[in-house]
Each structure stands twice: as structure tokens, then as C-alpha cells.
Protein chains: 2
Amino acid sequence: MSKLNDNTLAYVADYFKALAEPTRLKVLNALQDGEKNVGQLTEISGCSQANVSKHLSMLAQYGLVKRESRGTSVFYSIADPSVYKLCELVCDQVVNRLIQEAEVKKLFMVV
Amino acid sequence: MSKLNDNTLAYVADYFKALAEPTRLKVLNALQDGEKNVGQLTEISGCSQANVSKHLSMLAQYGLVKRESRGTSVFYSIADPSVYKLCELVCDQVVNRLIQEAEVKKLFMVV
DNA sequence: TGACTATATAACTACATAGTAATATAGTGT
DNA sequence: ACACTATATTACTATGTAGTTATATAGTCA
């Protein structure tokens with residue numbers, strides 16, 4: 001990482017930016033067990049179709065999902081499953097932190 | 001990851017958001033070989049002191065760095081080194097993608 | 001062709017934040 | 001107390017984007 005120039009750094013930041021939104025994480029999560037079309041993802045995410053479509057095009061632009069249209073549907077799938085490793089790592093961090101904070105809170109709430 | 005509720009999902013997204021900015025990545029990178037104070041990080045990042053200070057407080061808020069003031073200086077250090085695993089994973093993805101794109105470009109540019 | 005369905009896009013509002021310049025705060029040494 | 005240094009904060013501008021509504025585009029079938 002220390003050898004990264006500013007340009008590559010910007011790419012990496014963009015990749016993280018693609019993951020920095022709850023709805024997009026939900027979509028990626030939904031794709032974990034295989035491709036889904038926009039309609040399905042709209043239902044799962046609970047957002048409007050237009051909104052999901054925008055999120056999907058952003059995910060595709062940053063290279064996180066692949067797009068394939070078949071018939072009147074467009075199917076999206078994970079471009080590289082290693083993205084889930086990222087999410088797991090972050091989940092661990094976040095969960096650990098939430099536990100820690102809960103413990104700190106407990107300390108101050110004793111009686 | 002599939003068991004995450006919306007609240008935790010938001011935390012994870014926030015964690016990624018902390019990483020979704022080139023200057024903050026640069027700062028984290030600079031902290032890889034140990035703690036540094038704000039002045040040092042200002043110089044390394046090439047940003048204004050105010051700007052670096054804001055980025056640092058964001059990183060601290062999301063739990064990526066620890067803050068310790070000694071004398072008139074404030075030293076920041078990495079809260080959990082596993083953040084570098086994340087960066088490596090993303091770097092790999094990004095580099096692979098750039099290589100792929102370069103190859104595609106080559107295909108179209110053959111004489 | 002025309003009706004129907006699925007997806008994408010455009011125009012818009014609201015909000016978050018990166019960056020700047022100026023100022024406030026806090027610790028140190030005189 | 002005062003000057004000095006390091007860091008944080010405030011007020012501001014500019015930009016990006018999440019979400020909405022309405023509309024456009026494209027494929028399918030009668």
C-alpha cells in the first residue's frame with residue numbers, strides 16, 4: 001500500500017465509497033447466493049426501482065457487480081466474491097467495537 | 001453478514017465511508033509505521049492543518065484511530081491493524097481491474 | 001404496429017462533507 | 001500574566017449523491 005500513487009489511491013477510495021452506503025451493502029448481500037434481476041433487488045432492498053437502478057449502476061461502474069440483460073430483465077451478479085471478505089472483516093471490527101462500547105456503558109451504569 | 005440488521009449495516013457503511021477518501025487513506029498509510037502527531041500528518045498529507053484535523057476526528061469517531069495528547073501535541077495511532085488487510089484486499093481488486101482494463105484497451109488499439 | 005413490462009435516465013430537492021480562512025482552545029516556558 | 005506553539009473548531013463555499021417523481025428506452029407478445 002505504501003507504494004500507491006495518488007491516482008491509485010483515488011481508485012481505492014472509490015471502491016470503498018461503493019461500499020459506504022447501507023442500501024448498496026444490502027444489495028451486495030442479496031447477491032451472495034447468486035444473480036438477481038432489478039425487480040428482485042428492488043423488492044429485497046425496499047427502495048424505489050429508480051433508486052436501486054442508480055445504486056446498481058454505481059456498483060457496476062466501480063467494478064463490484066456484473067450486468068447481463070436477458071429478455072426484458074437485467075441480471076446483476078457479484079464481480080469478485082472477495083468483496084465479502086472485506087465485509088466480514090469490517091463486521092468483525094464493528095461488532096467488536098459495539099461490544100466494547102456496550103461494556104463501557106455498563107461500567108457507567110452500574111446501579 | 002446475512003444476519004445484519006439495518007442498524008449494524010449502517011455502522012458497516014460508516015466504517016467504509018471513513019475509508020472512502022484519499023486523504024484519509026494517506027493518513028492511515030502514514031500511521032502504518034507507528035503513531036504520528038498532527039503536524040507530521042499535515043506535512044505528509046500535503047493538506048492544511050485544519051483539514052487534516054477534521055479527517056482525524058472523523059477517523060477517531062468511526063473508531064479507526066486512537067488519540068492521545070502529550071504535551072502540546074496530539075498523537076494518533078491505528079486502532080486496529082486489520083484495517084490494512086482491508087486496504088490490501090481492495091488494492092488487489094483495483095490493480096487487477098486496472099490491468100484488465102489496460103488489456104482491453106490494448107486489444108482495441110492494435111494497429 | 002400497439003399494448004405491456006422491465007429497466008434506465010432526467011430533473012429536482014435535501015443533505016453530507018471536503019476544503020479554506022479565521023479564530024478559539026490548551027499546553028509550555030518565560 | 002504573557003508570548004508561543006500545536007490542535008480543534010467555526011463559518012463558509014462548492015460539490016457529490018441519496019432519494020423522489022416523471023419520463024424515456026428497450027424487449028416481448030398479441
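We name chains A, B, ... by the order of the sequence lines, and we start the count at 1 in each one. Everything quoted here is computed from the prediction, not taken from an experiment.
Rounding to the nearest 0.5 Å places NZ of A/Lys17 at 6.0 Å from CE of A/Met58. The SG atom of A/Cys87 sits 5.5 Å away from the CG atom of A/Leu19 when rounded to the nearest 0.5 Å. Within the model, atoms CG of B/Asp14 and OG1 of B/Thr8 stand 11.5 Å from one another, a figure rounded to the nearest 0.5 Å.
Hydrophobic clustering, with ILVMFWY side chains joined whenever heavy atoms are under 4.5 angstrom apart, keeps A/Ile44 apart from B/Leu9. In the hydrophobic cluster analysis, where Ile, Leu, Val, Met, Phe, Trp and Tyr join through side-chain heavy atoms closer than 4.5 angstrom, A/Tyr62 is grouped together with A/Tyr84. Linking ILVMFWY residues whenever their side-chain heavy atoms come closer than 4.5 Å, directly or via other members, places A/Ile78 and A/Val74 in the same cluster.
Between A/Ala79 and A/Gly63 the shortest heavy-atom distance is CB-O, 3.4 Å.
Pairs passing the salt bridge (charged side-chain N to carboxylate O under 4.0 Å, His left out) check and including a residue from residues 36-53 of chain B, sequence neighbours excluded, read B/Asp33-B/Lys36. The stretch residues 63-75 of chain B participates, sequence neighbours left out, in these side chain to side chain donor-acceptor pair (under 3.5 Å) pairs: B/Glu35-B/Arg70, B/Glu68-B/Arg70.
Each end of the helix from C/dT1-D/dA30 to C/dT30-D/dA1 gets its own rotation axis from five pairs of C1' atoms, and the angle between them is 20° to the nearest 10 degrees.
Other residues sharing a hydrophobic cluster with B/Phe75 under the 4.5 Å side-chain heavy-atom criterion for ILVMFWY residues do not exist; the residue is a singleton.
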Can you give each donor-acceptor pair under 3.5 Å made by side-chain atoms of residues 48-56 of chain B, sequence neighbours left out, with the distance rounded to 0.1 Å?
| unit_1 | atom_1 | unit_2 | atom_2 | d |
| --- | --- | --- | --- | --- |
| B/Ser48 | OG | B/Asn51 | N | 3.1 |
| B/Asn51 | OD1 | B/His55 | NE2 | 3.4 |
| B/His55 | ND1 | B/Arg24 | NH1 | 3.0 |

Please tabulate, for the side chains in residues 89-96 of chain B, all donor-acceptor contacts under 3.5 angstrom to protein atoms that are two or more places apart in sequence or on a different chain.
| unit_1 | atom_1 | unit_2 | atom_2 | d |
| --- | --- | --- | --- | --- |
| B/Gln93 | OE1 | A/Ser82 | OG | 2.7 |
| B/Gln93 | NE2 | A/Tyr15 | OH | 2.2 |
| B/Asn96 | ND2 | B/Asp92 | O | 3.3 |

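In this structure the side chain of A/Tyr76 never reaches within 4.5 angstrom of the side chain of A/Val27, judged on heavy atoms. Within the 4.5 Å cutoff, the side chain of A/Leu25 has no heavy atoms near those of the A/Asn29 side chain.
Contacts between residues 10-19 of chain A and DNA chain D, defined by a heavy-atom separation under 4.0 Å, are made by A/Lys17. Shown for residues 33-51 of chain B: residues whose heavy atoms fall under 4.0 angstrom of DNA chain D, namely B/Asn37, B/Val38, B/Gly39, B/Gln49, B/Ala50.
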Please list each protein N or O that sits under 3.5 Å from an N or O in nucleotides 28-30 of chain C, with the distance.
none

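For A/Tyr11, the OH atom counts as loosely surrounded, since its 6.0 Å shell holds 12 or fewer non-hydrogen atoms of other residues, nucleotides or ligands.
If you check every strand for non-hydrogen atoms under 4.0 Å, B/Tyr76 touches sugar and phosphate atoms only. Nucleic acid contact for A/Ser53: base, since at least one base atom lies under 4.0 Å from a heavy atom of the residue.
In the 5' to 3' direction, nucleotides of DNA chain D lying under 4.0 Å from heavy atoms of chain B begin and end at D/dA6 to D/dT9.
Going from atom CD of A/Glu68 over to atom P of C/dA8 covers 13 Å, rounded to whole Å.
Taking 4.0 angstrom as the limit, B/His55 places none of its side-chain polar atoms (N or O) nearer than this to OP1 or OP2 of C/dT17.
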